[in-house]
Amino acid sequence: MDNKLNSGYRYIFGPVPSRRLGISLGVDLLPAKTCTLDCIYCECGRTGNLTLERKEYVPVEKVKSELRDFLSQGPKLDFVTFSGSGEPTLHKQIGDLIRFLKSEYPKYNVAVLTNGTLLFDPEVRTQVLDADVVKVSLDAGSAENFIHINRPHQALEMSRIIDGLISFREIYSNQLWVEVFIVKGLNDKDTELKRIRDILKLVRPDRIHLNTLDRPGTETWVEPVEESFLTDVAGYLCNARVVDKPDTSGKISGTDFREFIISTVKRRPCTAEDVSLILNIHENDAKKHLDKLHENGEIKKISMPRGVFYFLKRERES
Ligand code: SF4
């Protein structure tokens with residue numbers, strides 16, 4: 001089948017071409033911006049609900065029902081990915097959902113994109129064990145930068161988080177990836193990069209991805225580092241990879257552009273190129289749809305070095 005778009009879904013989105021995972025169906029288990037962190041570079045805007053409380057934020061049976069509805073059509077996907085606009089391990093039944101996917105739809109790989117801050121909790125570690133890929137974030141080598149960059153919930157301690165990552169690696173035999181987001185002037189100094197490298201040696205991930213700002217972040221003063229600098233840091237951090245452009249080998253089709261574009265830019269700011277890749281339409285057509293939505297006041301746009309990004313009005317504007 002074609003990967004058919006269905007804008008009626010509430011908890012699943014895409015499939016979208018992901019820079020790390022190929023064609024990925026997203027599963028969003030949290031109300032917008034419910035997170036343990038409030039990162040300065042977050043593309044989803046400020047964290048409205050900064051919390052460590054784990055609970056059933058969205059009804060697990062409804063998520064399963066949407067997954068069944070879509071996956072029973074046998075779409076061509078590389079991954080089903082728990083991600084979205086918050087921290088997915090805050091959902092208390094994430095383990096139940098991963099088990100559901102692995103038992104009923106074993107042909108699909110499952111990924112969890114987490115900030116890793118709750119992996120100090122043995123229950124969280126156990127719940128994500130069956131995922132094929134767990135990607136965690138590590139942007140700071142010092143507690144000071146952790147606070148500056150990630151603005152954590154006040155009860156989170158960096159040392160405890162690192163211990164959690166190390167403990168998770170000890171029991172997790174699938175792919176553990178770490179993403180390091182470099183912010184100019186904050187974690188790009190030699191001393192900080194050395195601390196990050198020391199932590200990475202303890203965590204022993206299978207892959208390290210390096211990233212920097214390339215779409216609007218929460219704070220407008222956040223600046224990216226040069227690509228050549230990222231490449232140098234990649235060599236220093238034990239052969240890390242610089243995150244590159246989306247894999248567009250599998251494309252999707254559909255006609256409900258308005259709904260789909262709104263549901264896509266709601267989760268992350270996108271350029272016309274991003275939208276054209278997701279919708280499998282020409283970039284000029286994507287731009288036409290985006291500009292129409294912009295003219296109608298339904299979405300906003302902002303110019304960045306990588307191009308014009310379209311997004312839903314959020315706190316970053318105020
Ligand atoms: S980047 Fe991720 S971890 Fe940081 S605030 Fe946004 S959703 Fe939370």
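For ligands, and for the atoms within them, numbers begin at 1 and follow the listed sequence. Side chains included, hydrogens not; waters and symmetry mates left out as well; all remaining heavy atoms used.
- Rounding to the nearest 0.5 Å gives a distance of 4.5 Å between CG of N187 and CD1 of I182.
- Evaluated by nearest non-hydrogen atom to atom 6 (Fe) of ligand 1, the leading choice among G116, G86, C42 is C42.
- Protein heavy atom nearest atom 3 (S) of ligand 1, with residue, atom name and distance: N115 ND2, 3.3 Å.
- Geometrically, R160 engages F120 in a cation-pi contact defined by less than 6.0 Å to the ring centre and at most 45° from the axis.
- For K33, the heavy-atom gap to ligand 1 drops under 4.0 angstrom.
- Annotation for E123: atom CD counts as buried by contact number, over 12 foreign heavy atoms lying within 6.0 Å.
- Residues F13 and V265 do not share a hydrophobic cluster, defined by chaining ILVMFWY side chains whose heavy atoms lie under 4.5 Å apart.
- Checking C39 against atom 4 (Fe) of ligand 1, an N/O/S atom falls under the 2.8 Å cut-off.
- At the top of the distance list for atom 8 (Fe) of ligand 1, counting protein heavy atoms only, stands C35 SG, 2.3 Å.
- Geometrically, R125 does not engage Y172 in a cation-pi contact, judged by NZ or CZ lying under 6.0 Å from the ring centre and within 45° of the ring axis.
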